[in-house]
Amino acid sequence: MKKKILYPLLGLSAALLLSACGSSDTGSSGSSSSGSSSSGSDSTVTETEATTEAQTEASLSSVVPSDYLLENAADYITTDGLERLEVTQYTYEITDEMVQEQIDSLLAQMSEETDVDRAAEMGDLVYVELSCSVEDSDSSYTENTYFTLGEADYGEDFDTALVGAAAGETVTFDITYEDDAADETLIEEDWAGETVHFEVEISSVCEITLPEYDNDWVAENTEYSTTEEFEAALRESLEEDYEEQSYADVLDELLTQTLASCEISEIPDELYDACREETLNDYASFIDSTDEEEILAVFDMTEDDLDAEVQTLAQRRLLISYICEENEIELSGTDYVAYLEEYASYYGYDTSEEFEEEWGRSYLVWSLYETEAAKVLYNSADITTEAYEQILLTDEEADELEAESTAAAEEETEDPEAETVSSAEEAVLENET
């Protein structure tokens, strides 16, 4: 589902790359023998586009963000205060490995694939018709998909089973997955701890060729001249993105803390209905169906599950309305347009209108208000800055801590009044993070 606070993270790859074909088109246009005619046509198109953009901006500027807030929110919510909340804001060190991951990702996006008449090898891209079923279960499906052998999307055993198979061949095999396999691979959650039967028909085998990463590649595909300049820009962008994400995490934590300390007497019907409609629309976008029964069935949800999700969203928006009301936060259509323009550009949308259509006006207005409301909490909070340190455990250490965590959870179940969390559980959670 969509994040509650809309902040970009690690979107720098697209931002740092230039459109090579765009530059090429400009050059060929300049050398055309019908240059004067093209110039006039381009001028007309530019004027038309400018007029359309102005009309769109005027339409978006007419949006009244305050119409989305709940009036008299203080009638429904009581808080212990919005000031002096305590929170930790993490800082992140950008390593050479992180920069290299970005470079590898970019090169992979620009790789070329070539059909090969041979058996599949590790590193190849294989297109397949995949049929799978869970032993002693009705769970099964068939789909046309692809895998890059070696990435272990369905686990190392899956990739190994396809090595040596050529286009037109069918491979059948079984894999018994560990209980935690869904956390480490892209397998279906209900495959964890189960034996899955696979029948894989190889449609084609492709060899992947990565571009050579050097100064020539950088000069051709980015606005930089050397790998050194490009990597410095990547590092700077990573630093900015992690700093912004860290800030977004703190805002979210502050809102969560405040909501946990609030007393909410009731959720007004109009707010609940709006949140319910938006939640269902979010789910519907994944399956192209607005039928509520179908949505619940596809996502294995009950009416109570849906209600709990709607209640959580409605409570959060009630709190946002309360903070904005208490602090007289007023936003205009112009503020909304500026917000759209910032994120539409960042996420690669051609226009703000396309961005709004994809995400929904209600969601975007609330995201804007949520950001502003959280800033109020941030400006008065007691913030401790701490360098983030990832704790890496061996499998044996992780299993031991998980066992301790499970034992502690069982003890807590026996004693419902217990509220403490064991250090072992904290370590496991941090390790998973």
Side-chain angles (χ1 to χ4, degrees), residues 1-18 65 82 85-106 109 222-224 229-259 316-317 319-320 323-324 327 329 331 334-350 352 354-356 358-360 363-390 430 433:
M1 304 305 292
K2 299 170 184 172
K3 291 186 67 176
K4 298 303 180 183
I5 299 180
L6 187 63
Y7 272 93
L9 175 62
L10 305 184
L12 61 130
S13 298
L16 290 178
L17 284 175
L18 296 177
L82 304 176
L85 295 172
E86 297 181 358
V87 67
T88 299
Q89 183 166 1
Y90 290 101
T91 59
Y92 297 85
E93 178 187 0
I94 305 303
T95 65
D96 292 343
E97 289 76 10
M98 295 165 71
V99 173
Q100 187 61 49
E101 285 179 3
Q102 289 294 310
I103 295 171
D104 292 343
S105 176
L106 287 170
Q109 291 174 33
T222 79
E223 60 186 21
Y224 305 96
E229 291 177 1
F230 181 55
E231 289 166 19
L234 280 174
R235 185 178 297 274
E236 182 178 352
S237 294
L238 280 168
E239 289 170 347
E240 292 174 355
D241 277 359
Y242 271 98
E243 182 178 346
E244 193 164 359
Q245 184 63 52
S246 176
Y247 174 65
D249 290 341
V250 171
L251 296 190
D252 188 64
E253 173 62 22
L254 289 170
L255 283 169
T256 300
Q257 280 190 33
T258 304
L259 189 59
R316 193 176 181 101
R317 291 186 172 175
L319 174 61
I320 295 166
I323 294 174
C324 291
N327 292 274
I329 297 175
L331 299 173
T334 302
D335 295 322
Y336 178 62
V337 170
Y339 185 73
L340 290 183
E341 289 177 346
E342 176 184 359
Y343 286 103
S345 174
Y346 194 96
Y347 282 108
Y349 290 87
D350 292 332
S352 296
E354 289 180 9
F355 180 55
E356 185 189 60
E358 178 75 20
W359 288 76
Y363 172 78
L364 290 171
V365 169
W366 277 109
S367 290
L368 172 57
Y369 264 120
E370 181 161 326
T371 302
E372 295 302 313
K375 286 179 182 177
V376 173
L377 304 178
Y378 185 89
N379 290 335
S380 67
D382 287 332
I383 300 175
T384 301
T385 302
E386 183 178 321
Y388 178 80
E389 294 183 12
Q390 184 178 9
E430 186 167 358
T433 302

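- Panel note: side chain Ser105, backbone Glu101; no donor-acceptor pair is recorded below 3.5 Å.
- Remark: Gln100 CD is packed, more than 12 non-hydrogen atoms of other residues, nucleotides or ligands lying under 6.0 Å away.
- Taking each heavy atom of Ala373 and Cys324 in turn, the nearest pair found is CB-SG, 4.2 Å.
- The shortest side-chain heavy-atom distance between Tyr378 and Ile383 falls under the 4.5 Å cut-off.
- Rounding to the nearest 0.5 Å gives a distance of 12.0 Å between OG1 of Thr88 and CG of Asp249.
- With sequence neighbours excluded, no residue satisfies side chain to side chain contact (heavy atoms under 4.5 Å, CB included) with Ser345.
- A distance of 10.0 Å separates CG of Leu251 from CD of Glu372, quoted to the nearest 0.5 Å.
- A search for side chain to side chain contact (heavy atoms under 4.5 Å, CB included) contacts involving Ser380 returns Glu83, not counting sequence neighbours.
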Decide side chain to side chain donor-acceptor pair (under 3.5 Å) for Asp241 and Gln245; before the verdict, give the C-alpha distance in whole Å, the side-chain angles of both, and the deciding distance to 0.1 Å. CA-CA 6 Å; Asp241 277 359; Gln245 184 63 52; over 6 Å; no

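- Partners of Val376 according to the side chain to side chain contact (heavy atoms under 4.5 Å, CB included) rule, which considers only residues two or more places apart in sequence or in another chain, are Ile323, Asn327, Ile329.
- Considering OG1 of Thr258 and CG of Leu254, their distance stands at 6.5 Å, rounded to 0.5 Å.
- Within the 4.5 Å cutoff, side-chain heavy atoms of Arg316 are placed close to those of Thr256.
- Contacts of Glu97 classified as side chain to side chain contact (heavy atoms under 4.5 Å, CB included), with partners at least two apart in sequence or in another chain: Thr95.
- The shortest non-hydrogen separation linking Leu364 to Glu356 is CD1-CA, 3.6 Å.
- The distance from atom OH of Tyr90 to atom CD of Glu389, rounded to the nearest 0.5 Å, is 10.0 Å.
- Rounded to the nearest 0.5 angstrom, Arg235 CZ and Gln102 CD are separated by 11.5 Å.
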Does Glu240 form a side chain to side chain contact (heavy atoms under 4.5 Å, CB included) with Glu236? I'd like the steps, not just the answer. CA-CA 6 Å; Glu240 292 174 355; Glu236 182 178 352; 3.6 Å; yes

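- Residues Leu234 and Ile103 approach most closely at CD1-CG1, 3.5 Å, considering heavy atoms.
- Here the closest heavy-atom approach between residue Tyr369 and residue Pro65 is recorded as CE1-O, 3.4 Å.
- Note that NZ of Lys375 is 5.5 Å distant from OH of Tyr247, once rounded to the nearest 0.5 Å.
- Contacts of Glu231 classified as salt bridge (charged side-chain N to carboxylate O under 4.0 Å, His left out), with partners at least two apart in sequence or in another chain: none.
- Scored by the salt bridge (charged side-chain N to carboxylate O under 4.0 Å, His left out) test, Glu253 finds no partners at all (sequence neighbours excluded).
- Ring geometry for Trp359 against Phe355 counts as tilted: the plane angle lies between 30° and 60°, on a 0 to 90° scale.
- If you check the side chains of Tyr347 and Glu354, you find no donor sitting under 3.5 Å from an acceptor.
- A distance-only check finds no donor-acceptor pair linking the side chain of Ser246 to the backbone of Tyr242 [under 3.5 Å].
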